[in-house]
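Each chain gets a letter, A, B and so on, in the order the sequences are listed, and its residues count up from 1.
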Number of protein chains: 2
Amino acid sequence: MSKAGDQYAVLPVAKAMQVFAYVASQAHDVTLTEVVQALDMPKTTVFRYLQTLSAAGLFSHNIEQDRYGVGERFRELARLDAVYHSLRSTAQGELDKLVGGFRETVNLAVLSRSDIVYVDIREANRSQRFQARIGHRNPIHSTSLGKAIAAFLPEEQVQGLPVNFEPRTYRTVADARTFRRHVDDARRRGYAIEIGENEDGIACIGVPILDGYGYPIAAVSLSAPDNRMKTLVDRAAEALQEASRRITAALPQISLRGGV
Amino acid sequence: MSKAGDQYAVLPVAKAMQVFAYVASQAHDVTLTEVVQALDMPKTTVFRYLQTLSAAGLFSHNIEQDRYGVGERFRELARLDAVYHSLRSTAQGELDKLVGGFRETVNLAVLSRSDIVYVDIREANRSQRFQARIGHRNPIHSTSLGKAIAAFLPEEQVQGLPVNFEPRTYRTVADARTFRRHVDDARRRGYAIEIGENEDGIACIGVPILDGYGYPIAAVSLSAPDNRMKTLVDRAAEALQEASRRITAALPQISLRGGV
DNA sequence: CCCTCTTTTTTCGTGAAGCGAAACACGGTC
DNA sequence: GACCGTGTTTCGCTTCACGAAAAAAGAGGG
């Protein structure tokens, strides 16, 4: 494989990845010597990589047979990536359609601990200063994205959410009761609204994206200055829900349960 | 994570795996500084790991945005593993049932280049000396496993098989014509037979395992001394086909195409 | 348009630590 | 019981990974 030329390559890492790729592409669990012969590396070196990768959980080491195979941690990461990858790629077209139809900013976000994380953002209007960026976090309680996801989370998981009710504007939801009401409303309605609770003058309407098991793995939202938003709430909610349904349909049938 | 105590751990590899896990578990493509902050590692170090992992194809480096994400090579390996893992785990019970029902050795194998590779083996009779082991290879043309798979491969792929017709016993198929006939017979019949062509005195009957797209990703076989085999060909073929169908049904709906 | 701040890339000398030969231990097999 | 073919362990020698700090490349902002 390419190893010269990549001037910043860290050799142990590059070689360990060769081992990784070999083991992962075998249908059976492999032995130390098998890897050594296949990759023509010193026994000690391969031994150490196998140990290291096993310790990291990417491999599982079957002690009684002295065989190494792909580990559960790797499979978790792979499942997570499969879902997220599919989410982003199928959402792409839908986001484009939405931003094209409304000429307002459209966001895609997932839940991560007590925050929502922006995964994709399409700005209709590049002059806005405050827009979020990919990877940025916002609280659950101050965004329509967060409320939309919370609304469709299993009850016990909503309880467990570490919401801190940190105020973002003077309108930010400040206590559990109000939050609860907003979330219940969102569940009943099928979409969440947020008016200047995260950023003054900006309103948002958010819709969850459910996976095949009804679990809200993400949310899409449309955000606009609140005067403009008033006139298009209904149309936007409808369009967002349609987009969400289409994204759900294209998602792989994989459950994430505790994987996040 | 555990890093002390693992006396053979190679630090660069272990740390690179932390980076790997972080990137893979984010829903969005990440930036260098984001990883640095999240993992609290020196910037240069993380930079090098990201470069190394990108060079290995496990990550993709989005140059214009300077973001790193999971790469296609990783996804390939993940798909491959998902299929193989599922294959082995769902085959397990079926193999047990077969060996219990017939008291003969049962094998599970996949195709790898010009060989079949044993993935699981259940020996009814531990006194046999010649049995294959997990990971061992045998030629396609001398085994019922190979012929069963070849019989259900797309035509152009059968042509491309680098079969060398190396003789294993005096009965081994020695030319393309005969091989062709055996394979065609197997396709017609739904199972392949092999009588002393791989090992004197041992006969085998093999059935392909198709994935959801009809592609033969593996094969199961029952092998027995040929005198015993005579009396149970029909029953065995039936049982193997039943097992194969059940395994297929439990396989994930993922296509492997050129991934092997 | 230039200036400034942020983020990524490059350089470089030091010394920690990865390397691999070879020796050891272990479990089968003849 | 001696002999493979395994997987571990040790050990001394460099190698090569490390991270500070500087340079380059972008992104805003005045």
Check your understanding: Does OP1 or OP2 of dT8(D) have a side-chain N or O of Y8(B) closer than 4.0 Å?
Key -> no

Practice item. Just compare dC18(D), dG18(C), dA17(D) and give me whichever is closest to any side-chain atom of V10(B). Key: dG18(C)

Check your understanding: Partners of E94(B) by salt bridge (charged side-chain N to carboxylate O under 4.0 Å, His left out), sequence neighbours excluded?
Key -> K97(B), R246(B)

Practice item. With sequence neighbours excluded, give me every side-chain hydrogen bond (donor to acceptor under 3.5 Å, both in side chains) pair touching residues 42-51 of chain B. Key: Q51(B)-Y68(B)

Revision key, fill the gap. Per atom distances to the P12(A) side chain, the nearest of dG7(D), dT9(C), dG18(C) is dG18(C)

Point to revise | Residue list, ring-ring contact (aromatic ring centres under 6.0 Å, His included) with Y118(A), at least two apart or on another chain | key: none

Point to revise | Side-chain donor or acceptor of T143(A) paired with backbone N/O of P139(A) under 3.5 Å | key: yes

Review point. Given atom CG of L11(B) and atom P of dG18(C), what is their separation to the nearest angstrom?
Key: 5 Å

Review point. Angle, rounded to 10°, between the helical axes spanning five pairs at each terminus of the helix from dC1(C)-dG30(D) to dC30(C)-dG1(D)?
Key: 40°

Check your understanding: Near DNA chain D, which residues from residues 57-66 of chain B have a heavy atom under 4.0 Å away?
Key -> none

Anything under 3.5 Å between a protein N or O and an N or O of nucleotides 20-25 of chain C, put it in a table, one pair a line.
| unit_1 | atom_1 | unit_2 | atom_2 | d |
| --- | --- | --- | --- | --- |
| dG20(C) | OP2 | T45(A) | OG1 | 2.3 |
| dG20(C) | N7 | R48(A) | NH2 | 2.9 |
| dG20(C) | O6 | R48(A) | NH1 | 3.3 |
| dA21(C) | N6 | T44(A) | OG1 | 3.1 |

Exercise for review: Calculate the interatomic distance between E34(B) atom CD and dT6(C) atom P; express it in whole Å.
Suggested key: 18 Å

**Study point:** Parallel, tilted or perpendicular, as decided by the 30° and 60° cut-offs, for the rings of F74(B) and F20(B)
**Key:** perpendicular

Practice item. Please state how far atom NE2 in H136(B) lies from atom P in dG5(D), giving the value in whole angstrom units. Key: 12 Å

**Study point:** Gap between atoms CZ and P, on F47(A) and dC19(C) respectively (whole Å)
**Key:** 14 Å

Review point. What is the distance, rounded to the nearest whole Å, between atom CG of D29(B) and atom P of dT8(C)?
Key: 13 Å

Exercise for review: Sort and list the pairs that fulfil salt bridge (Lys or Arg N to Asp or Glu O under 4.0 Å) and have at least one residue in residues 16-32 of chain A, not counting sequence neighbours.
Suggested key: D29(A)-R88(B)

Study note, to complete from the structure: Applying ring-ring contact (aromatic ring centres under 6.0 Å, His included) to H141(B) and not counting sequence neighbours gives F165(B)

Check your understanding: Think T33(A) has a side-chain N or O under 4.0 angstrom from the OP1 or OP2 of dG7(D)?
Key -> yes

Exercise for review: Could you tell me which residues satisfy ring-ring contact (aromatic ring centres under 6.0 Å, His included) with F102(B), sequence neighbours excluded, listed by chain and number?
Suggested key: none

Point to revise | Under 4.0 angstrom between R133(A) side-chain N/O and dG28(D) OP1 or OP2 | key: yes

Review point. With D96(B), which residues qualify under salt bridge (charged side-chain N to carboxylate O under 4.0 Å, His left out), at least two apart?
Key: R122(B)

Study note, to complete from the structure: Taken in chain and number order and not counting sequence neighbours, the residues that satisfy salt bridge (charged side-chain N to carboxylate O under 4.0 Å, His left out) with R137(A) are D115(A)

Check your understanding: What is the distance, rounded to the nearest whole Å, between atom CD of Q51(A) and atom C1' of dA17(C)?
Key -> 17 Å

Practice item. Using a cut-off of strictly less than 4.0 Å, decide whether Y49(B) has a side-chain nitrogen or oxygen near OP1 or OP2 of dC18(D). Key: yes

Check your understanding: Residues in side-chain contact (heavy atoms from CB on, under 4.5 Å) with D66(B), at least two apart?
Key -> H61(B)

Review point. Where the side chain of E194(A) meets the backbone of E197(A), is there a donor-acceptor pair that is under 3.5 Å apart?
Key: yes

